[in-house]
Structure formats: structure tokens, C-alpha cells
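Let me begin by presenting the structure, written as C-alpha cells, before commenting on it.
Just so it is clear: chains get the letters A, B, ... in the order the sequence lines come, proteins before strands, and each one is counted from 1.
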Amino acid sequence: MYAFDFEKPKTVAEAAAALAREDAMPLGGGQTLIPSLKQHLAAPSALVSLTGIAEMRGVCTGDDGALCVGGATPHAAVAADAAGKYPALAALAGNIGDPAVRNRGTIGGSLANNDPAADYPAAVLGSGATIVTNNRAIAADDFFEGLFTTALEPGEIIVEVRFPVPERAAYAKFQQPASRFALTGVFVAKTADGVRVAVTGASEDGVFRWAEAEEALSENFSADAIAGLSVSAEGMVGDLHGTPAYRANLVKVMTQRAVRSA
Amino acid sequence: MPKDHGIGASVKRREDVRFLMGLGKYTDDMAIAGQAHAVFVRSQVAHGRINKIDASDAAAMPGVLCVLTGEDFKDVGGNPTGWLINSRDGTPMREPKRPALAHGKVRHVGDAYAVVIAETYAQAKEAAEAIVADIEELPAIVDMAAAVADTSNRVHDEIPDNLCYDWGWIEDNRAAVDEAIRNAPHVTTLELVNNRLVPNAMEPRASIGEYFPGTGDYKLTTTSQNPHLTRLLIAAFVMGIPENKLTVVAPDVGGGFGSKIYHYGEEAVVLTAARKLGRPVRWTAERSESFLSDAHGRDHVTKIELACEKDGTFIAFRTETMANVGAYLSNFATVTPTFLHGTLMAGPYKVPNVYVNVKTVFTNTAPVDAYRGAGRPEATYSLERVIDKMCRELGLDPFEVRRKNFITTDMFPYTTPVGLAYDTGDYHATLDKAMEMADVAGFEARRAASAAKGKLRGMGLSTWIEACGIAPSHLVGILGSRVGLYDAATVRVNATGNISVMTGAHSHGQGHETVFAQIVADKLGVPESSVEIVHGDTSKIPFGMGSYGSRSLAVCGSAVTKAIDKIVAKGKKIAAHMLEAAEEDIAFENGSFTVAGTDKAKSFGEIAFSAYVPHNYPLETLEPGLEETAFYDPANFTYPAGAYICEVEVDAETGKVDVAAFHCADDFGNIMNPMVVEGQVHGGVGQGIGQALCENTVYDENGQLLSGSYMDYAMPRADDVPFYNVDYSCQTPCTHNPLGAKGCGEAGAIGSPPAVVNAVIDALQRGGHTHVTHIDMPVSPARVWAAIQG
């Protein structure tokens, strides 16, 4: 990797100040950024680690009952500490990557990167979570803007993610055979206001909500309720691991499996 | 009670202690004072003409010591090919020069055309990016059929049809096989792909070159399965330095699977740079470089036809194969798709006639060479898949069809229509054993249980044979080999009675240090702890031909045995003198030389001491010392064989295949260490399951490797494989080597892929998807799902 300065601030304010420097980049768990640096695909002037900020780490319950996850909380901590309150989220976090990834990678890093095959975007969009930054609160529906693109401004830091806890929820992931990212993953959440279905890994535009399935499942929360639906292959990813038609099939199959296990 | 030491005991692998504790010494672990670092500059296009390489900016960067390009190697030799293949018309194969660094053209993505040597790795890496190469991109040649058809676009300008050779085996069989197929009551035809594999040894290739100006000696420390061959090729062909001025050391090596048999250009480059700079020069491949530049495996496209009677009795096999050799000929690239493939195309069957045609084609892809099994997996896959398809077409039982066609025990030695002479075997016995292990009768109940879970269950069979213990030099010489394929060992009994054994075979994970010690200890009646195995250093070991082709035990183990016999013979002479008896009256047993019929005896240690302190010794007729070397050249190949049964569960909604059970009944002849054998079979079957279900090497139409990292290249993982059920109790010892050993290293990778694919097809057929008669490997979820959709 190219040479860079390294900072590890103790507060969000210090981090924001450090990130104001030209070509500085925030560093979460480094699961994407560090390999990119090693391949000389990025040349930041400075890396600002967010993992030393105590207020950004850990899982707690908010005043409104939401599950609050600090932006720099590693997946393993979510898997362990959210298991009682939001088991579907904990299960998702516990199946990201491998133990090394789960102990380094953070929820904020995953969401800010918005890899189109990452797991967390499905949970955040499927739960209707709120992304709290050092400047504002962003609804999940407004956050994800396509491949590796989000509503975050340069230098903006994800401080916390607030998940309203649904009545029932589950994540069903079909793994890409090599990377074990989601070839297609579906997060289903049933709340008093209806059902949300968020799909990752399948679309060329990144994570999305499957509106028809949400409508059908809000009427009748069962796998049979969507048996008659079909998903168009148009706009689905086609690559070494599956055609658009295959992914379209997986969207439905994985949605049904998520509903069954919710 | 099972044996706890000596031949046949499951002695724990002594080398594992250092491997598991991080105490191994691999090439990249060696830090040498004054070392400089090399970073190679590799082509990003598959095919291009090098107009100019401007290294002036790079050369001026901090820490840079020198930059070398193809120009610096254009007057030295190329990396040669070890086997001459002649085409059907008698013309010799096309053999383009393979330079250490590309010159004139780049021919595949990853083809190295320059190297930067700098004080640090980071400096070399940054400077490598500053090299400006004017490379005029040419259309990439990726598809083999197009490569042969289009004579205007050439990987090598002097080879118009991109064809290395068009080989027929056996050409005299051709007309008769054509006739048999024309007249046969039934012919089954199958077109299939044997997918290209990236070897993915855990340790990437690495090399350190040193030059000692005081003596003019060179030393290469490198990741090799075959240090003496590497020395020979560098000395005699590539660099033209005297063989006795070059030492090659292959220290601990973390896996090879064939890919480290060969000499690679990087080795000559680090030696050349070391001489130029007067400093050690080191290089370790990044994983991306391994994907792009290690010799790949397989990559055949085959049409096979099986002619038979309506009852399944085989009449003939005929195959037409296109084999991708990549951009250059790696050292054994020409023999892998020919003699290591075509000669196995009779399988364990008494088929009357066989004809094999192989066209080997140059493309703008990484070179392809032998990879675990090397040609024999390709033969087995073609045979066992087409037999399975024939059984479905004719409604025959696949187990019974194999039985009907097996060579029987009364037929050995048996000469096949493709030129091999099988010495011994019992194919019915291994099939019976596998069926017993797999509880074939209970399959229907297991299928029903899977169905209750929503899964389709299938069972697949493969009965395989290979020719290994490579190889009888006289025979391979007739067939075009440019090397001998004996091996060698020196047994040095030290004055204090402990023993150093120097072997030509090299261990890069197989367990030689344990197993060879078991053999020596067993035969000399000494503790295994007093036997040390030395390998991998050409300055210490006799000239051997390395480890590959399941040859270490059958060939080098035989050399060790021969050397031990010489030690015992000399020991008897010494004992006869000391015991004042006739030499022919001396017996050697359990580490003791005795005079027959008396209680007079000398221990092995006493004899060894006497050999080095020869005060009471027949010096007039016998030299002091107790050290013997033996070379062993096998009289024939060895022929391990077996039967594999795989059961899978298929999720029809997603296409995902789970291997539910895998049963192996193998005949490896005599077994030295059962635990090591089991480990070899487990590893081989794991690689075979990887090929069958996971591993997919994909070049796009521009010759870019799309599966160039673990993000896209799926290696089999622990949860992709079942608990294996392994048996090796059927033993028909090899008839022509002193250990009766056949070899087990490649078996799993040879026998398993067709068993897996046959099982998947069986599951789909039983599940009502009767239109699915074949799916090419890797049988990935997406491919299975697409096949079901039709």
C-alpha cells in the first residue's frame, strides 16, 4: 500500500475534524478498504480509524424501544448482544464472512460501503432502520442509492443505527459459492404497520424492496401468499455465479424461506 | 492390536509438529543479509506486441537497484519441454521458445515482461507501476475451436493454426474402432468439458537467488517439487551455467499438486539479478500472481463415444479431445493430455478396442500442465460419465455393467488396447467393498428421507484405475520423454549407528519424513527416531526426479529399499569378519547379525561402529564406512484402482448440491502408513469434489481471468465435503517393486469427480427431471437450476 498518515480519534468530533483533511478516509473494520489499499486501488492522505470512539461501539436499547447499534460495532458483538432483543439481526450478523471478518468488520463500515452483495443493507432496509450520522438521521429508504453509493456526504460518519424491532423477522441468504457474500439474500420483517421485504445481492442497483411481496405478505404472512408472484429478471445481476433469471428465482425462493423461518 | 511402528503402522507424521507449531522453514521465511526484493511487471492484456518498454522513470525511483526486461534474456535459452509428442502424420509437435521474461509479445494476462529489483518490497512495487510499456493489443485467442480455425490470429507467429500437435493413440486402432462404432448395436455419445483448475497451493511460489562471486557459485531457494530437474533445466538450458555451480534448495514447501514440478521464469530472473547486483534477490508471489501465472490444470473439451451390445458389453471407446495448453509449453504440458490420458482410456475394462485423438491448442491463457492426477482424471471422467449415460439409455444397472466389463483376476498381466500392461488388480473386490460400505440396498430409504425434507437424492458410481509410479525410463524414452524417471536414495549409517537417508523425492506435504523412516527402521531393526530423512537440497541428495504422479513411495521408496539391501549385504561381510564365520552363514534379523545355528551375534550398532573405526575389519577386501546409494528405475507403471460411490442431495429450488456421503474402496497394494494413506485420499477426494462442484476458471473473450481471486474462484471448504468413508483393505500388491506399493496420492482426485456428477444426474432423473442427462463441471447451483428449467 502507499504511505499514509494514521489517526485514531477518541470522539466523533475529533474524527469529523480529522476527516476534513483533503483525501482523508474513514476506516471502520477495514474489510474492504485495507485490501483495496494493498492493491493500490486507493491512495488516501490519512486513514481515520473510527474504532477507538467509545460512543460508537456497542448495542443498547433506545428510549423508544429501538435496538441501537453503534456505528463502529463489529458484527460479532451484534451477533452476541442483539440475540435476545432482535434474533433475526443477530443471526444475520453471525453469518457474515468468517470469524475474522466478524471480529473486525463493523456495521457502519458495511453500510457506508454499500456493497451490493452485503448482508447488513438488507437488514437495515428490511427493518426500516434509521442511520444516525454526526449531522442528521437518515431513513433507510433514503440511504441506499445504488452500487457502493449512499446518501452520506464526504466526511459524514455513521454514529449509530436504530432498528425498530419487528414482531417477526428473518433473513434467508443464498451464498455465492466463492466469496460467500449473498448471491441473493432476503430480509423479511413483519411489523404492526405491515411487512417489509428487502433483497440484497440480486439487483444491479443494489439492495431493494420487493413491493409486491410486501403487499401480499401484509395481507397474509405465509410463504404461500407469494407463491403466485414472479420476479422479473430485468435489472438482475448476471455473472459467473448466476444469470439474471437465476437470481430472480432466488429472490422468490429466499423470500419464502425467510417467511417460513420468521 | 495394530502395529505402532514400522511398515503398516499409523505412525503420526513427525513433520507435522513443526508445521503445526509454526516452526517450518518455507522459502519466504528465509531472511538473507543484504537481500533485495523483486516485483514482476505482468501483462494486463491477453495478447499484445511489445513496442517499447520505458523503465527510465522506474529506474530513478527511490531504492531501485535495477530493472530487467525480456531484452536482458533474449540471448539465453528458453524454458524447455520435457516430452516430445509427434502428430498422427509423424511430424513433431510445435515447440515455441518460452523466455524467462516475455520478449516481442505478451501472450497471456499475467505474462511477466519486466522485473524491478529494489531495496524494499514497497519500493519495488511502486517502481513497477512507473514502468511505461507500449504494448499494442492484439485480438485474444481464448476459445480452442476458434484458435484452430482462424489461422490469421496466432499466439506464436510461427504457428499458423495454434496447434501444438494432433495426436492419435493408437493410430493403428483407428480404422477398427471406426468400424466397430459404425456396426455396434448401441452407441452412446457424450460431449463434456473437463474444467480448468487453478492449483491454489497454500504457499504461493517464491524464489531467492544468490550468487557468490568468490567461487562463482549460484544458489536458488525455491518452492519446488523437483529441485534436481529445476537445476538441470536452469543450468543446461536456460542460463548455461555449469550444473555443479548451481545448488537448488526446496525447503519446506506448502503444497504443489503439480504446479511446483516445473521450472518457472522467475527462478532464472532472481538468479540473473543476483549475479548482476551481487546481492541476494527474493520474490514471493502475491495470490493474484498465483492465479495468473501458476501452471493451471485440466481444460479439456471431449466428445466420447461408447459402442456396446444391448446388454452393456463394451465394444469400443472413441474420443476426440481438444486440450488447452495455454500460451506456452510448461515442462510436462505435452505429455499430460497424451500419454497420461490416452493410455488410461480403457479403464479397468476388457474393452476390445479404443482410439483416442487429442489436439492440443495454444491460447492466450496461462500455461496448463499436470495437476493432481494429470490426464488420468480426464480419462476417468470421460469414461465413467459415458458409461453412466449408456446405462440410462439402455435401462441397465450401472453396478452390473461395470462387473460385466471388468478385467478379471485370471487375466493378469493384461495388455490394454491403449498400450499399458496392468500387472495385477481385483476390480470386483473393490466394487463389492464399496457397495457394502455404501449400503446400496438401503438407498431407497435414504432417498425417501431426503424427499421428506424436500431434497432430491441420488447415487453415483465411478470405478477408476490409474497408471502411476512414474515411470519406466526405457518405455517413456520410446514414447518421447526427454528425461529418465528413476529415483535415488542414499542411506548413510553414521558411526554412532543413527541413519541419514537422502532421497531424490521431495515432500511438500505427503509425509515422506515419517513414512521413509518407517521403512528404513523396519528393515534395519532400528528405532524410527534414529532415522532422519533429508530431501530437497541438491547439494545433499542424490540426483532424483522429484515427487509427482504418485511416485514417491513406489519409485523412491524402492530406491531406499535397494540401498538398505546394500547396507545389509555389506553389514554381513563385516559381521562375518568380526564373528569369524562365513558370509553366507550370517543372518540379519531384528537389527542383529547372527551366525546361523549359533548364539554368536553383533548388533547393527556394533557393525556400524566397526565400519567407521575399522580396527577389527577386513580392510584388504572391504572399504570402511557404511553408506550406500541406489537408483531405482521401475520396470512398469503401477496400477492402483478402486470404486467410489457418492450420494448427493439436490435442492431443486436453488440447484444447490450437498454431498451427503462418499465411500472409497481403493486398492493401493501394500500400505506403509494407513493414516497417511487416508489423509491422501481425503485430500484427493476433496479436490475432486472441488472440481465437480465448485472450481471454475473463467477467461472472458478478451482473455481476462474473471475468476482471479477467492471472491470468484470457489475452493471447496470443510462444509462442502462430507465425512469420508475410506477403505484400502483390498490389496493386490504391485508385482514389480520391492515394497509391493502402488501409490495413493492422486487416487481421490481421479476417481471422485465422475462419482459426484453421476450422483447429481441420478438425483435429477429420480426426481423426474428426466431431460437432464449431463451438466458440465463445476455443477454449480446456477447450472443445476438452469438444467432443471430445461
Side-chain angles (χ1 to χ4, degrees), chain A residues 1-4 31-32 35-41 43 95 97-99 101 115-118 172-186 201-202 223 226-227 230-231 233 236-258 260, chain B residues 39 62 120-123 125-130 195 198 200 286-289 291 454 651-658 689-690 692-700 704-720 778-790:
Chain A
M1 52 185 81
Y2 299 113
F4 53 82
Q31 298 306 294
T32 302
S36 302
L37 294 174
K38 285 183 174 175
Q39 293 176 64
H40 284 191
L41 297 175
N95 197 30
D98 57 26
V101 169
D115 186 301
K173 167 158 90 168
F174 192 83
Q175 291 179 329
Q176 195 255 53
S179 69
R180 302 211 169 177
F181 273 64
L183 191 67
T184 292
V186 179
I226 58 168
S230 64
V231 180
M236 294 289 159
V237 175
D239 63 10
L240 293 184
H241 309 288
T243 59
Y246 179 60
R247 281 187 169 79
N249 167 69
L250 285 181
V251 171
K252 180 171 160 183
V253 170
M254 290 297 120
T255 302
Q256 290 183 306
R257 290 182 183 186
R260 280 192 204 105
Chain B
V39 167
T120 71
Y121 169 75
Q123 288 169 333
K125 180 116 175 142
E126 287 203 28
E129 291 174 0
N195 44 324
V198 179
N200 284 300
E286 297 183 2
R287 185 56 66 179
S288 300
E289 290 183 280
F291 271 99
D651 177 345
E653 283 188 330
T654 64
K656 184 157 187 343
V657 175
D658 287 315
I689 291 173
L693 297 181
C694 308
E695 298 184 45
N696 198 16
T697 309
V698 182
Y699 285 94
D700 72 8
Q704 294 293 333
L705 182 61
L706 299 183
S707 51
S709 82
Y710 295 129
M711 290 298 283
D712 287 301
Y713 190 92
M715 295 291 286
R717 304 192 199 191
D719 61 355
D720 289 316
V779 181
S780 64
R783 286 185 179 179
V784 172
W785 181 82
I788 290 172
Q789 308 314 304

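The CD atom of B/Glu653 lies 10.0 Å from the CG atom of A/Leu250; values are rounded to the nearest 0.5 Å. Rounded to the nearest 0.5 Å, atoms CH2 (B/Trp785) and OG1 (A/Thr243) are 5.5 Å apart.
Within the 4.5 angstrom heavy-atom criterion, only side-chain atoms of A/Phe181, from C-beta onward, approach chain B. In this structure, chain B has a heavy atom under 4.5 Å from the side chain of A/Gln176, while its backbone stays farther away. Interface remark: B/Ser707 contributes backbone and side-chain atoms alike to the contact with chain A (heavy atom separation under 4.5 Å). For B/Thr654, the parts sitting under 4.5 Å from any heavy atom of chain A are the backbone and the side chain alike. For B/Asp700, no part lies under 4.5 angstrom from a heavy atom of chain A. In this structure, chain A has no heavy atom under 4.5 Å from any part of B/Met715. Both the backbone and the side chain of A/Tyr246 come within contact range of chain B, each with at least one heavy atom under 4.5 Å from a heavy atom of that chain.
What you find for A/Pro177 and B/Pro781 is that their closest heavy atoms are CG-CD, 4.3 Å.
For the options A/His40, A/Gln39, A/Met1, heavy-atom pairs under 4.5 Å to chain B are most numerous at A/His40. Contact tally against chain A (heavy-atom pairs below 4.5 Å) for B/Lys125, B/Lys656, B/Glu129: the top residue is B/Glu129. Between chain B and the residues A/Ala3, A/Gly242, A/Ala245, the largest count of heavy-atom pairs under 4.5 Å involves A/Ala245.
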**Item:** Stepwise salt bridge (charged side-chain N to carboxylate O under 4.0 Å, His left out) test for A/Asp98 and B/Arg717
**Value:** CA-CA 12 Å; A/Asp98 57 26; B/Arg717 304 192 199 191; over 6 Å; no
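In this structure, a donor-acceptor pair under 3.5 Å is present between the side chains of A/His241 and B/Asp712.
Using a 4.5 Å cut-off on side-chain heavy atoms (C-beta onward), A/Lys38 and B/Glu286 make no contact.
B/Asp719 and A/Arg180 are joined by a salt bridge, as a carboxylate oxygen and a charged side-chain nitrogen come within less than 4.0 angstrom of each other.
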